[in-house]
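Have a look at the structure below, then the notes.
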Amino acid sequence: MMGSVEERYPIGVFTSIGAGLGVTPQVVKELGIPTIQLHAPPKQFRTKEHVEQLKRDLEEAGIIVTVVFCGFPGESYADIPTVRKTVGLVPSETRAERLNETKEISDFAAALGVDAIAMHIGFIPEDPTDPLYGEVVEACMEVCDYAKSNGQRFHLETGQETADTLLRFIKDVGKDNLFVNFDPANMILYGSGEPIEALRKVGVYVRSVHCKDAKWSSRPGEEWGEEVPLGQGDVNIPLFLKTLKEVGYVGPLTIEREITGEQQRRDVAEAVKYLERLRSEILADP
Ligand code: MG
């Protein structure tokens, strides 16, 4: 692989403008982070004028958007049963309108010049004979086809299902632009499997990652684990990076810290330093 370690594995951060739990563009600028994943802003901030302004601001600051993340009104991450009921394309009542919004977000990302969109698609049923499973496969095909018409990949955020279910789902959807945004902490938070083992299984599909850490809950899968600053949880971040390298991942190391305010800023600043150090120790050599 060509390029310096900084080029192959640029630092990134999950960023929000008016929606989602990312850092603000101001924090990205202040910390000098070169890439972001952008949580799609609400509809009223996706107009042509807003896109043009955003594009200028990003170019001026030298920030590259690597992925645009879809989120929808009505989603709630309050607890695991609520996620099951409200998140992504799994809930049938909101699926049609969310599919429409996903296409609008894909167009927004295309207008920004971004070649990947991503989503928490929701809890994919573990049982492939569940009728809901087939419905979600079809919805995902529709997103892939639309994204492809915009020259984009579609990345599934990990965590809400096991690696085996995710692999089966990707194969059943059968689209060549369907990939994975691997979030190791989510595997722990949702209790859906040991993250490094999961990464080895789905590694060939990983095209983006969240560098996030968490501690296991005492009742995995029923209650949330706890999200903690990078390096202080149960993921084993050095092993995570080593495994990314093993599975052939080259791409941004996008920090995600799902809190807000000054503490978030401090934790992200620490995470940047931590990742820069680990990157030179673990990822530098071919
Ligand atoms: Mg994530």
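Both ligands and their constituent atoms are indexed starting at 1 by order of listing.
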State plainly whether the residues K43 and E101 are in salt-bridge range, i.e. N to O under 4.0 Å. no
Side chain to side chain donor-acceptor pair (under 3.5 Å) against S106, all qualifying residues, sequence neighbours excluded: N150, Q152
Would you call R277-E281 a salt bridge at under 4.0 Å N-O? yes
Can you confirm if the aromatic rings of F14 and F69 lie within a centre distance of less than 6.0 Å? yes
Could you walk me through whether Q53 and D57 pass the side-chain hydrogen bond (donor to acceptor under 3.5 Å, both in side chains) test, one step at a time? CA-CA 6 Å; Q53 184 61 49; D57 291 348; 3.0 Å; yes
Got a salt bridge between R257 and D267, using NZ or NE/NH1/NH2 to carboxylate O under 4.0 Å? yes
The protein N, O or S atoms lying under 2.8 Å from the Mg ion (ligand 1) are E157 OE2, D183 OD2, H210 ND1, E256 OE1
